[in-house]
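Right, one structure below, let's go through it.
Protein chains get the first letters and strands the later ones, always in sequence-line order, with residue 1 at the start of each.
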Amino acid sequence: MNTRQRKKHKIIWLLLLVIVPILLVFTIVNLKEPLFTHNNALGVVKGEAKQIMLENETFTVLLDPKNTDGNLQIFLKKSLESPAPLVYAVSKDMPKDSYIGTLTAKGKYDFKINSTTTSVKIYDAIKKEELLNIPLSWD
Amino acid sequence: MGLDYQTVLWNSHKKKYDLWIAIGVFLYLLTFIGITILTNPETTAETLIIRAFGTLAIALLHIVLLIGPLSRLNSRFLPLLYNRRHLGVSMFLAALIHGAFSIIQFHTLGNTNAFYALFTSNLEYDSLTNFPFQVLGFFALIILFLMAATSHDFWLKNLSPKIWKGLHMMVYVAYAFVLLHVFLGALQQQPSLWSISILSIGFIVIASLHLKAALQESKIDKQTAIKVEDGWEFVCTVDEIPEDRAKIFIVQKERIAIFKYENKLSAISNVCKHQGGPLGEGKVIDGCVTCPWHGYQYLPANGQSPPPFTEKIATYRLKKIANEIYVHPEGLAEGTAIEPIAL
């Protein structure tokens, strides 16, 4: 390499050494509570008045009718094969299902749903198939 | 060094090196697939291929990026540098298999064009933490493709060493894209402390070695002449240069190499015409200065590659007063013959 190329090489690595770690830290901070386990979820339920709508090795779905900020919690305990599972609220009053979010990775998701919602549907938009339909009980 | 362009200039060294690459790749894939089947038997064949080749490409990219600074810091690593391009092309092929299977698995089942879907399935381009990771992987693959496609000496010669080197320095950008592709993609879906640690340590090691080598080179570049007499710069005494070897000096902000051979002294540019290798770190073999990187050769008295080769580098005038060597900092046109200083 000549002097100019050596200088360019040094500048590139100085920049990478500053920029890359900052971006990586942001992505690590953004991880969705990866260590949240089945037992943690149950612990939350016991401490607060939440009802378990579904409990299996992949999902824990909790409903808290009193919480006005986010009354539906979905704990995704292991990754789904579908790359983009969409979550819909199904209601008898609504002609179409309402999209409420996407499950992107293992972790905890909070959703706010209307009390007229009768079930929550998890839908694979790519394969266009329903993965799961969770009936809700508001009692 | 070859006169005609051939797909691959095979020799026993390269064959041995490539055999080790093939064995390493085979063992890695076998181990990865074996462990995955044992620990997660539900994994589909497509997912297994995507993960096995993706991790293989990342591992090879780390090795490729380590070879450069290690060779600068310790000449024992130079044999690895000699055939690095084959490792680079292998890495690209692994990344291509990963990319192709990912596009097939994630984007060809819908009714939109797979590449359109790649860019539009996640539109959070304004988000730092939810940025579409597949797009980063795609652009990294494009850079790696350009590098693999132009890795042959035909392109080095026709693009010019300057453009070629600039293009191949893009590998550092590709590396940053690959890291973000993994951290924003695979690690968000399956967070793993093990994977985060391995990649972070990998980055720290690679960045530290590159910076260490760069700072060491900067220190050499800052050297100035100790003594100047009538425009001639004193460089060293005759005894300081070993036989059939050179000492490197800075004149006019560029490096030159002064070689001692057959009781003579000659000065040439330190930069090889091939890939910019440091000629002054090479040896005089069969009367020719031989680049330590890929074996390109030049006659020390005129800076020309021996016929039938046509490469030429700049030469410099020398003079000897008693035991002291002086160089005239103005380089002569590439390939200009100068009578060597007799000792």
Side-chain angles (χ1 to χ4, degrees), chain A residues 1-37 40 57-58 75-86 99 101-109 123-129 131, chain B residues 42 44 47 68-69 105-107 109-111 117 121-122 127-131 133 161-162 165-166 169 172-173 175-176 179-180 182-185 187-193 196 199-200 203-204 206-208 210-211 213-215 217-218 220-221 250 253-255 269-271 275-278:
Chain A
M1 285 199 277
N2 58 29
T3 310
R4 206 171 182 176
Q5 287 166 334
R6 278 192 290 275
K7 211 170 183 177
K8 198 169 152 188
H9 173 266
K10 189 170 79 177
I11 292 168
I12 289 172
W13 277 103
L14 282 170
L15 286 174
L16 287 179
L17 201 66
V18 174
I19 296 167
V20 172
I22 293 171
L23 294 175
L24 296 190
V25 166
F26 271 113
T27 64
I28 292 169
V29 169
N30 192 46
L31 288 176
K32 287 183 182 291
E33 303 181 56
L35 301 174
F36 213 102
T37 61
N40 296 134
E57 60 174 17
T58 311
F75 295 89
L76 185 59
K77 291 183 277 192
K78 68 178 195 187
S79 295
L80 297 170
E81 279 190 13
S82 166
L86 310 180
Y99 167 76
T102 306
L103 304 179
T104 52
K106 199 161 75 169
K108 179 185 150 199
Y109 297 83
Y123 182 74
D124 184 332
I126 293 174
K127 291 183 181 169
K128 301 204 182 304
E129 66 182 26
L131 299 174
Chain B
E42 289 171 6
T44 62
T47 304
Q105 166 131 328
F106 299 121
H107 296 291
L109 298 171
N111 50 8
S121 57
N122 174 0
S127 164
L128 192 61
T129 51
N130 292 320
F131 193 87
F133 74 97
K162 190 181 161 190
K165 191 72 191 171
M169 271 186 168
Y172 307 137
V173 179
Y175 176 52
L179 282 180
L180 290 169
V182 177
F183 273 77
L184 288 168
L187 291 183
Q188 295 292 327
Q189 282 153 30
Q190 279 195 327
S192 149
L193 195 61
I196 291 171
L199 287 170
S200 302
F203 174 75
I204 291 166
I206 288 174
S208 308
H210 273 276
L211 266 184
L215 293 173
E217 298 290 325
S218 290
I220 297 169
D221 284 336
I250 312 295
K253 294 184 180 174
E254 271 305 342
R255 293 185 187 186
S269 162
N270 188 54
V271 185
Q275 286 191 19

Report summary line: Cut-off 4.5 Å, heavy atoms of chain A, and the answer for B:Y175 is side chain
Query raised in the report: What pair of heavy atoms forms the shortest contact from A:H9 to B:A214, and how long is it?
Result: ND1-CB, 4.0 Å
Query - Side chain to side chain, A:R6 and B:R255, heavy atoms closer than 4.5 Å - result: yes
Query raised in the report: Any chance NZ of B:K165 has more than 12 other-residue heavy atoms, nucleotides or ligands included, within less than 6.0 Å?
Result: yes
Query - Residue list, ring-ring contact (aromatic ring centres under 6.0 Å, His included) with B:F203, at least two apart or on another chain - result: none
Query - CG on A:L24 to CG on B:L199, rounded to 0.5 Å - result: 8.5 Å
Query - B:K253 NZ to A:R4 CZ distance, which is reported to the nearest 0.5 Å - result: 11.5 Å
Query - Flag side-chain contact, heavy atom, 4.5 Å: B:I206 against A:W13 - result: yes
Query - Heavy-atom check, side chain of B:L179 versus side chain of A:L23, under 4.5 Å - result: no
Query raised in the report: Taking B:E254 for the side chain and A:N2 for the main chain, is one N or O donor matched with an acceptor at less than 3.5 Å?
Result: no
Report task. Please look at A:L17 and chain B and tell me whether the side chain, the backbone, both or neither of the residue comes under 4.5 angstrom of a heavy atom of that chain. Result -> both
Query raised in the report: Do A:T27 and B:L187 come within less than 4.5 Å of each other through their side chains, counting heavy atoms only?
Result: no
Report summary line: If one checks every heavy atom of A:L15 against chain B at 4.5 Å, the contacting part turns out to be neither
Query raised in the report: Around A:E129, counting heavy atoms of other residues, nucleotides and ligands shown, do more than 12 lie under 6.0 Å from its CD?
Result: yes
Requested in this report: Rounded to the nearest 0.5 Å, what's the gap from CD1 on A:I28 to CZ on B:F183? Could you check?
Outcome: 5.0 Å
Requested in this report: Heavy-atom pairs under 4.5 Å with chain A are the metric here; pick the option from B:M169, B:K162, B:E217 that has the most.
Outcome: B:M169
Report task. List the atom of B:L211, the atom of A:K10, and the distance in Å for their closest heavy-atom pair. Result -> CD2-O, 4.3 Å
